Number of protein chains: 2
Amino acid sequence: MQGKGFYCFHVLSLMLLLVGFHGSVQGRLLFVSKPDPDDASGYARWLASQSSWGVLNTISSELGGAPFGNVVSFSDGLPDKGTGIPYFYLTALDPTARNAFEDQRSSLSISEYPIGTCKADPMNPTCAKITLTGKLVLLDGNSKEAEFARRALFTKHPEMKDWPEDHNFRFYKLEIEDIFLINYFGGPKPLTVDQYLHPKKDLLASVL
Amino acid sequence: MQGKGFYCFHVLSLMLLLVGFHGSVQGRLLFVSKPDPDDASGYARWLASQSSWGVLNTISSELGGAPFGNVVSFSDGLPDKGTGIPYFYLTALDPTARNAFEDQRSSLSISEYPIGTCKADPMNPTCAKITLTGKLVLLDGNSKEAEFARRALFTKHPEMKDWPEDHNFRFYKLEIEDIFLINYFGGPKPLTVDQYLHPKKDLLASVL
């Protein structure tokens with residue numbers, strides 16, 4: 001009976017581990033803890049680093065100037081070494097890149113909900129959301145920043161390296177000009193771009 | 001030992017059920033199957049019905065006309081009885097509602113990824129995404145449509161009924177004018193608003 005009980009315990013532990021991994025970004029939530037909501041810059045950087053996708057919004061030249069959101073994958077750096085700056089791998093076969101050629105104004109919206117750490121409705125203020133607004137810029141393919149974007153994106157999104165060459169995917173970044181963050185009750189958190197790019201705490205300091 | 005084994009089996013079943021529910025919208029994915037990608041209208045309606053949140057995009061009057069995305073909860077009807085029309089419960093304390101007062105042009109972007117049915121990267125064409133573009137309209141609070149929106153939203157988002165009265169939440173809908181759907185390789189699926197609102201198959205026909 002002890003044997004069976006021991007086996008059962010281990011199988012249950014594995015199941016709990018699976019639940020823990022499910023919905024997280026490559027399971028990193030098990031290793032990097034969520035900052036305190038009062039730490040606006042740390043929380044925002046944690047959200048950007050732990051998220052693998054969001055909605056990238058541009059002004060649609062094909063829909064009369066309507067705001068056009070598009071689900072995209074992104075990366076702000078190597079796992080747990082985020083820079084806070086979102087990089088993208090886009091093709092002009094998709095409207096978002098075409099829109100950016102006409103008008104660079106853009107925003108990226110990210111929700112904490114799919115990370116799996118929310119205990120309430122996706123619109124509850126305790127389930128964080130961030131919108132980074134700025135300009136969507138095409139990187140020089142030969143630049144060091146494009147090489148950084150390639151490593152940052154292909155590490156978090158391994159299948160990207162195999163996406164079809166004839167689609168002419170290129171590396172882009174969002175040059176952030178404004179930050180809208182809600183991660184608790186009481187309305188948006190005051191957070192400047194400088195505070196976001198230079199958070200009080202190094203994310204690695206919160207490693208368990 | 002049989003007793004322990006039986007207990008263990010039931011606990012494991014519960015864990016498996018939790019894994020199954022995790023990432024789905026109130027577990028309905030266990031009951032409604034995903035349409036074939038060739039069924040563009042059915043797939044789009046399934047995505048709208050199974051999703052509980054998305055990014056609602058407006059033109060920001062406070063950020064010089066920039067496209068501003070905002071994570072919001074929505075509902076297109078009672079569970080598994082979706083109408084395809086997204087309804088929202090918004091407060092003018094949030095920029096999105098204020099933006100809509102100035103310019104109704106809007107879009108709602110939804111990803112299949114958080115539903116938990118994707119087997120690839122969030123940006124892989126087989127992981128569906130849809131953007132509904134149109135006008136964000138405030139409903140007459142005394143109208144039958146507002147009462148429908150209340151039932152649709154409060155059923156899928158039970159905590160909404162307890163949100164603070166002094167925030168003056170109001171019911172809105174997206175009047176859809178254009179649909180951008182990618183749910184397989186080969187680019188966006190041709191899908192008119194009429195085809196979306198009147199899909200070939202009733203979603204209930206796909207109940208297992």
Side-chain angles (χ1 to χ4, degrees), chain A residues 1 4-5 7-8 11-12 15-16 18-19 22-23 52-60 63-73 89 93-95 105-114 116 120-124 127 129-131 133-134 157-160 163 177-178 180 182 187-188, chain B residues 1 4-5 7-8 11-12 15-16 18-19 22-23 52-60 63-73 89 93-95 105-114 116 120-124 127 129-131 133-134 157-160 163 177-178 180 182 187-188:
Chain A
M1 277 170 65
K4 258 194 190 269
Y7 167 79
C8 180
V11 176
L12 282 172
M15 296 302 298
L16 285 163
L18 285 171
V19 174
H22 193 89
S52 66
W53 66 279
V55 172
L56 184 58
N57 314 291
T58 51
I59 299 289
S60 173
L63 293 171
F68 180 79
N70 201 348
V71 174
V72 298
S73 293
Y89 194 45
L93 294 175
D94 206 57
R105 291 178 296 175
S106 179
S107 70
L108 175 67
S109 300
I110 307 168
S111 169
E112 181 184 338
Y113 196 74
D121 189 86
M123 212 165 131
N124 185 295
C127 187
K129 59 182 180 179
I130 189 168
T131 298
T133 304
H157 305 279
E159 74 172 59
M160 281 183 173
W163 286 358
E177 298 171 350
D178 182 83
F180 173 79
I182 290 183
Chain B
M1 277 173 64
K4 261 201 187 256
Y7 167 77
C8 179
V11 176
L12 282 173
M15 296 302 299
L16 284 164
L18 285 171
V19 175
H22 193 89
S52 66
W53 65 280
V55 172
L56 184 57
N57 314 294
T58 51
I59 299 289
S60 172
L63 293 171
F68 179 80
N70 201 349
V71 174
V72 297
S73 293
Y89 194 46
L93 295 174
D94 207 57
R105 291 178 296 175
S106 179
S107 69
L108 174 68
S109 301
I110 307 168
S111 169
E112 181 184 338
Y113 196 73
D121 189 86
M123 213 165 128
N124 185 294
C127 186
K129 59 182 180 179
I130 189 168
T131 298
T133 304
H157 305 279
E159 74 172 59
M160 282 183 173
W163 286 358
E177 298 171 350
D178 183 83
F180 173 79
I182 290 183

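Just so we're on the same page: letters track the sequence lines, and every chain starts at 1. Predicted model, so just to flag it, every value in this text is computed and none were measured.
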Heavy-atom proximity to chain A below 4.5 Å, by part of [X]:
X: B:L56; answer: neither
X: B:N124; answer: both
X: B:P95; answer: side chain
X: B:I59; answer: both

Within the structure provided, determine whether A:S73 and B:Y113 are in side-chain contact (heavy-atom separation under 4.5 Å).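 Not in contact.
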
Chain B interface, residue from A:G187, A:G65, A:P188 that has the most non-hydrogen pairs under 4.5 Å: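 Among the listed options, the one with the most contacts to chain B is A:G65.
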
May I ask you to name which of A:G69, A:A120, A:P67 has the most heavy-atom pairs under 4.5 Å with chain B?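 The candidate making the most pairs under 4.5 Å is A:P67.
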
Roughly how far, to the nearest 0.5 Å, is the CE atom of B:M123 from the CG atom of A:N70? 8.0 Å

Mind checking the CG-NE2 spacing from B:D121 to A:H157? Nearest 0.5 Å is all I need. 5.5 Å

With a 4.5 angstrom heavy-atom cut-off, which part of A:I182 approaches chain B: side chain, backbone, both or neither? side chain

Taking side chain to side chain contact (heavy atoms under 4.5 Å, CB included) as the definition, give me every residue that meets it alongside A:T131, ordered by chain and number, with sequence neighbours left out.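 Per chain and number, A:T131 pairs via side chain to side chain contact (heavy atoms under 4.5 Å, CB included) with A:S107, A:S109, A:T133, A:F180, B:F68.
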
